[in-house]
Amino acid sequence: MQIDQKKIDEAVSTIIGYGGTHILDCVGCGACSAVCPGVKAGFDVLCRKLIRKIVTGHLEEIIEETSSWGCQACNRCTEVCPQGVRPQEVVFAFRRYQANELAFSTSSITSQMNLFETGHAVFTDPKANRKKVGLPEEPPTSAYNEQAQKEIQTLMNNSSMGELGLF
Ligand code: SF4
Ligand code: SF4
């Protein structure tokens, strides 16, 4: 298959521009993928595989890929990489690229909306369960604190996500 150097250059410079600064130092050893909990959980286009897709010019083809949203930011990949690539930064650069193209996964939109409305990315109303075990129905979190919610919403409205018009 013919290599499209222009596509490769564009893909690499896009990811470097979003913060994946050391992507070209990857030698494809796979140490990062071997320790990545995201890969173990089935989000397989992370670490070595994600880097490989980008450096071969397949960035646009994977824009809808959901694996990036499975990254836990644990940085195990960064610790084991012998080349100083910092794969987690490549993953987040890829996420930024996806976000700026409005290519969010459904679960990430849901978690952002939950965060905006309650201050929790994952939120289930706990009142009934708390009542059952004799606890005050509303725990002391942002979900039941109007002032805290307003502050979270102000922060999110002024973030890069807010600038995209998500909220
Ligand atoms: S930071 Fe993300 S990509 Fe790196 S090992 Fe952890 S889950 Fe995997
Ligand atoms: S550990 Fe580093 S050099 Fe090896 S595949 Fe991962 S990013 Fe590339």
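All ligand and atom numbering here is 1-based and tracks the order in the structure.
For the atom pair CG of Leu50 and CZ of Phe43, the computed distance is 14.0 Å after rounding to the nearest 0.5 Å. To the nearest 0.5 angstrom, Glu10 atom CD is 11.0 Å from Gln5 atom CD.
If you number the atoms of ligand 1 from 1 as listed, the ones under 4.0 Å from a heavy atom of Cys47 come out as 3 (S). Close contacts of ligand 1 with Gln88, meaning ligand atoms under 4.0 Å from a residue heavy atom, involve 1 (S). Ligand-side atoms of ligand 1 in range of Ala73: 1 (S), 2 (Fe), range being under 4.0 angstrom from any heavy atom. Close contacts of ligand 2 with Arg48, meaning ligand atoms under 4.0 Å from a residue heavy atom, involve 5 (S). Atoms of ligand 2 lying under 4.0 Å from at least one heavy atom of Ile51, given by number and element, are 7 (S). Every atom of ligand 2 is numbered from 1 in the order shown, and the set under 4.0 Å from a heavy atom of Gly30 is 4 (Fe), 5 (S). Near Val27, the atoms of ligand 2 lying under 4.0 angstrom from a non-hydrogen atom of the residue are 3 (S), 8 (Fe). For ligand 2, the atoms lying closer than 4.0 Å to a non-hydrogen atom of Gly28 are 5 (S), 8 (Fe).
Counting only distance, with no hydrogens or angles, the side chain of Asn75 and the backbone of Thr78 share no donor-acceptor pair below 3.5 Å. Side-chain atoms of Arg48 never come within 3.5 Å of backbone atoms of Ser33 as a donor-acceptor pair (strictly under, hydrogens ignored).
Because the distance cut-off is set at 2.8 Å, Cys81 qualifies as a neighbour of atom 2 (Fe) of ligand 2 through one of its N, O or S atoms. Because the distance cut-off is set at 2.8 Å, Cys29 fails to qualify as a neighbour of atom 6 (Fe) of ligand 2, as none of its N, O or S atoms comes that close.
Atom 2 (Fe) of ligand 1 has Cys71 SG, 2.3 Å as its closest protein atom, hydrogens excluded (heavy atom only). The protein heavy atom nearest to atom 7 (S) of ligand 1 is Gln72 N, 3.3 Å. Protein heavy atom at the shortest distance from atom 8 (Fe) of ligand 2 is Cys26 SG, 2.4 Å.
By the 6.0 Å contact criterion, NZ on Lys40 is enclosed, its count of non-hydrogen atoms from other residues, nucleotides or ligands being greater than 12.
For Pro87, no heavy-atom contact with ligand 1 is shorter than 4.0 Å. If you look at Asp25 next to ligand 2, there are no close heavy atoms at all, none under 4.0 Å.
Summarising the contacts of atom 6 (Fe) of ligand 2 with Cys32, Cys77, Cys36, Ser33, the nearest heavy atom is found in Cys32. When the heavy atoms of Asn75, Leu46, Val35 are ranked by distance to atom 1 (S) of ligand 1, first place goes to Asn75.
Heavy-atom separations between Pro82 and ligand 2 include at least one value shorter than 4.0 Å. No heavy atom of Val80 sits closer than 4.0 Å to any atom of ligand 2.
Taking 4.0 Å as the cut-off between side-chain N and carboxylate O, Arg86 and Glu79 do not count as a salt-bridged pair.
By the 30° and 60° cut-offs, the orientation of the rings of Phe167 relative to Phe116 is parallel.
Here the closest non-hydrogen pair linking Glu65 and Gln98 is O-NE2, 2.8 Å.
For the side-chain contact (heavy atoms from CB on, under 4.5 Å) with Cys32, the qualifying choice from Cys26, Cys77, Pro82 is Cys77, the only one to do so.
Using a 4.5 Å cut-off between side-chain heavy atoms of Ile, Leu, Val, Met, Phe, Trp and Tyr, with links allowed through other members, Ile8 and Val45 fall into the same hydrophobic cluster.
Looking at Thr21 and Glu89, their side chains never bring a donor and an acceptor atom within 3.5 Å of each other. Side-chain contact check for Gln149 and Gln153: no donor-acceptor pair (N or O, by modelled atom type) lies under 3.5 Å.
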